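Single-structure report; data block below.
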There are 2 protein chains.
Amino acid sequence: MTDDIPHIVIGRLPIYLRALTRMAEEYDQKTTSSHELGEQLGISSAQIRKDLSHFGEFGKQGTGYHIGYLIDQLQQILNLHVEWDVAVIGAGHLGHALANYNGFGHRGFRIRWIFDNDPAKVGQKTNGLVVQHIDELEETIKEHGAAIAILAIPAKSAQDVTDRLVKMGIKAILSYAPLHLSVPDGVEVSYSDPVTEMQRMTYYLTPK
Amino acid sequence: MTDDIPHIVIGRLPIYLRALTRMAEEYDQKTTSSHELGEQLGISSAQIRKDLSHFGEFGKQGTGYHIGYLIDQLQQILNLHVEWDVAVIGAGHLGHALANYNGFGHRGFRIRWIFDNDPAKVGQKTNGLVVQHIDELEETIKEHGAAIAILAIPAKSAQDVTDRLVKMGIKAILSYAPLHLSVPDGVEVSYSDPVTEMQRMTYYLTPK
DNA sequence: TAGATTGTTAATCGATTAACAATC
DNA sequence: TAGATTGTTAATCGATTAACAATC
């Protein structure tokens, strides 16, 4: 796939999609403008128009964007017209929280498997899912084919599990483990470490 | 506080801190170089040196950086020489996961309160914390003073709660709610929405 | 001394913004 | 028609990188 669209632009598309969906569902709004959308998100209207212009012409002079149409286009661009099966690795508190979060379904994802290496957790049911032993990982992925995994395990074992996931063809990993993961080209990784985020913010705070 | 150091630089400091801590604790390493650190993190050595140079001269030509000293300096810069009290809003699965996560303590934070608006959850104990009713928010913050809150509640009520937090003087918010929050200048917000992250990654994936 | 690595400068690269013709 | 807003261009702004003198 030809790709010279900046990563940073791609990263904003889901933000636009989220805001547009909210306008449609919460406020039953039919159209919007780059100005209104930008105001709502703290982003300049010029940037929004520039970002969208990488992919086509979705608006009309004078009236702006039809929300339903733009939502549909963004979903197409982001490959969200299919539902993605997701494997959760780790059945601790966070793994359970992910398995029980009902915000995935309407936005393109379904948690389908949850794994743990603790025999005491294997067999537990959570939101209709049964915790499988991590050693069934390879077999399960081979059988069903999965592209996305979420890592909800300690840093210690995260790189090992990542290597196994990559070996099985996983192409996107969302990691809650507090460390940098090494992956080959072609594998996407997103990091979500609450402490790192908070440490960034404390820079701007004054200790009491 | 004078501040023309780019946000993006501040955002990398906790990443450096995390990697350095790992070198020290996991591998008992005493020194490192910008080259080694960069290799480990997928960041250029020039960028690391440039970033650090905003704050002082921490290395020695020929030998690199003393890890313990650099860790200490980064902690000072990020205001992590004090421990920050954190309020968690929302005692659902995610709120409980946060309350039980043991990765905060060693990195500068302590979850001290957890709130919910569901009477059925108020009074529940989790990891030594008792869930308080959200209506006790103002009183509790007024009494103890808190600067950081984590939002683990649905989008619907997130802006309302944010307004209340800001009113009480909260200066940093880590939000797991899938929406953009409006806050006045001087209040830091970090977003952590797993779906947004995954939607960014699916752009690069090929639907099967 | 020889080798390694810093901190910094200048050049390059990339992203954001202002402005506006086009047009609904 | 008058007003609003797009998509795009060029200018500005900011971040990254390459290179190297300084020096441990």
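Quick note on labels: first sequence line is chain A, next is B, and so on, each numbered from 1. Everything numeric here is computed off the predicted structure, so don't read it as measured data.
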Completion exercise
Contact string for nucleotides 17-24 of chain C, one letter per nucleotide 5' to 3', B = base within protein heavy-atom range under 4.0 Å, S = sugar-phosphate only, - = neither, reads BBB--BBB
Could you go through residues 94-106 of chain A and list every donor-acceptor pair under 3.5 Å that involves a side-chain atom there, pairing it with any protein atom two or more places apart or in another chain?
from	atom 1	to	atom 2	distance (Å)
A/H96	ND1	A/T126	OG1	3.1
A/H96	NE2	A/A91	O	3.1
A/H96	NE2	A/Q124	OE1	3.2
A/N100	ND2	A/H96	O	2.7
A/N100	ND2	A/T126	OG1	2.8

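- Residues A/P14 and A/L78 meet the side-chain proximity criterion, which asks for heavy atoms closer than 4.5 Å.
- Heavy-atom minimum distance, B/R110 versus B/E83: NE-OE1, 3.5 Å.
- A side-chain hydrogen bond (donor to acceptor under 3.5 Å, both in side chains) check over residues 20-29 of chain B, counting only residues at least two apart or in different chains, returns the pairs B/Q29-B/E36.
- Every residue meeting the side chain to side chain contact (heavy atoms under 4.5 Å, CB included) condition with A/S44, not counting sequence neighbours, appears here in chain and number order: A/A46, A/Q47.
- Between the CZ atom of B/F55 and the C1' atom of C/dG7 there is a distance of 15 Å, rounded to whole Å.
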Residues 142-166 of chain B side chain polar contacts: donor-acceptor under 3.5 Å, at least two apart:
from	atom 1	to	atom 2	distance (Å)
B/H144	ND1	B/T140	O	3.2
B/Q159	OE1	B/S182	N	2.9
B/Q159	NE2	B/D163	OD1	2.8
B/Q159	NE2	B/S182	O	3.1
B/T162	OG1	B/A158	O	2.7
B/R164	NE	B/E138	OE2	2.8
B/R164	NH2	B/I134	O	3.1
B/R164	NH2	B/E138	OE1	3.1

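- Side-chain atoms of A/N79 come within 3.5 Å of backbone atoms of B/L205 as a donor-acceptor pair (strictly under, hydrogens ignored).
- In this structure, the CG atom of B/L70 is 14 Å from the C1' atom of C/dG7, given to the nearest Å.
- A salt bridge does not link A/D193 to A/R200: none of the charged nitrogens lies less than 4.0 Å from a carboxylate oxygen.
- Residue B/Y65 places at least one side-chain N or O under 4.0 Å from the OP1 or OP2 atom of C/dG7.
- Helix-axis bend for the helix from C/dG3-D/dC24 to C/dC24-D/dG3: the local axis fitted to the five terminal pairs at one end deviates from that at the other end by 20°, rounded to 10°.
- Applying the side chain to side chain contact (heavy atoms under 4.5 Å, CB included) rule to A/Y69 yields the partners A/F58, A/H66, A/Q73; only residues at least two apart in sequence or on another chain are considered.
- With sequence neighbours excluded, the residues forming a side chain to side chain contact (heavy atoms under 4.5 Å, CB included) with A/I15 are A/R18, A/L41, B/T196, listed by chain and number.
- If you find the closest nucleotide of DNA chain C to A/D51 and to B/E57, the one lying nearer the 5' end belongs to B/E57.
- Listed by residue number, the members of residues 11-42 of chain A with any heavy atom below 4.0 angstrom from DNA chain D are A/S33, A/S34.
- Atom P of nucleotide C/dG7 and atom CZ of B/F58 are separated by 8 Å, given to the nearest angstrom.
- Atom CD in B/Q73 sits roughly 12 Å away from atom P in C/dG7 (whole-Å rounding).
- If you measure from atom NE2 of A/H54 to atom P of C/dG14, you get 12 Å, rounded to the nearest angstrom.
- Take A/D51 and apply the side-chain hydrogen bond (donor to acceptor under 3.5 Å, both in side chains) test, not counting sequence neighbours, and it matches A/R12, A/Y16.
- Distance, B/I8 CD1 to C/dC13 C1': 14 Å, rounded to whole Å.
- Atom pair A/L52:CG and D/dT8:P shows a separation of 11 Å (rounding to whole Å applied).
- Taking the six-membered ring for Trp and the full ring otherwise, the centers of A/Y204 and B/H7 sit less than 6.0 Å from each other.
- Across residues 181-191 of chain A, not one residue has a non-hydrogen atom less than 4.0 Å from an atom of DNA chain C.
- The closest donor-acceptor contact from the side chain of A/Q199 to the backbone of B/R107 lies under 3.5 Å.
- Under the rule for a side chain to side chain contact (heavy atoms under 4.5 Å, CB included), the partners of B/V82 that lie at least two apart in sequence or sit in another chain are A/P207, B/W84.
- Taking atom CD1 of B/I67 as the reference point, atom C1' of C/dT6 lies 16 Å away to the nearest angstrom.
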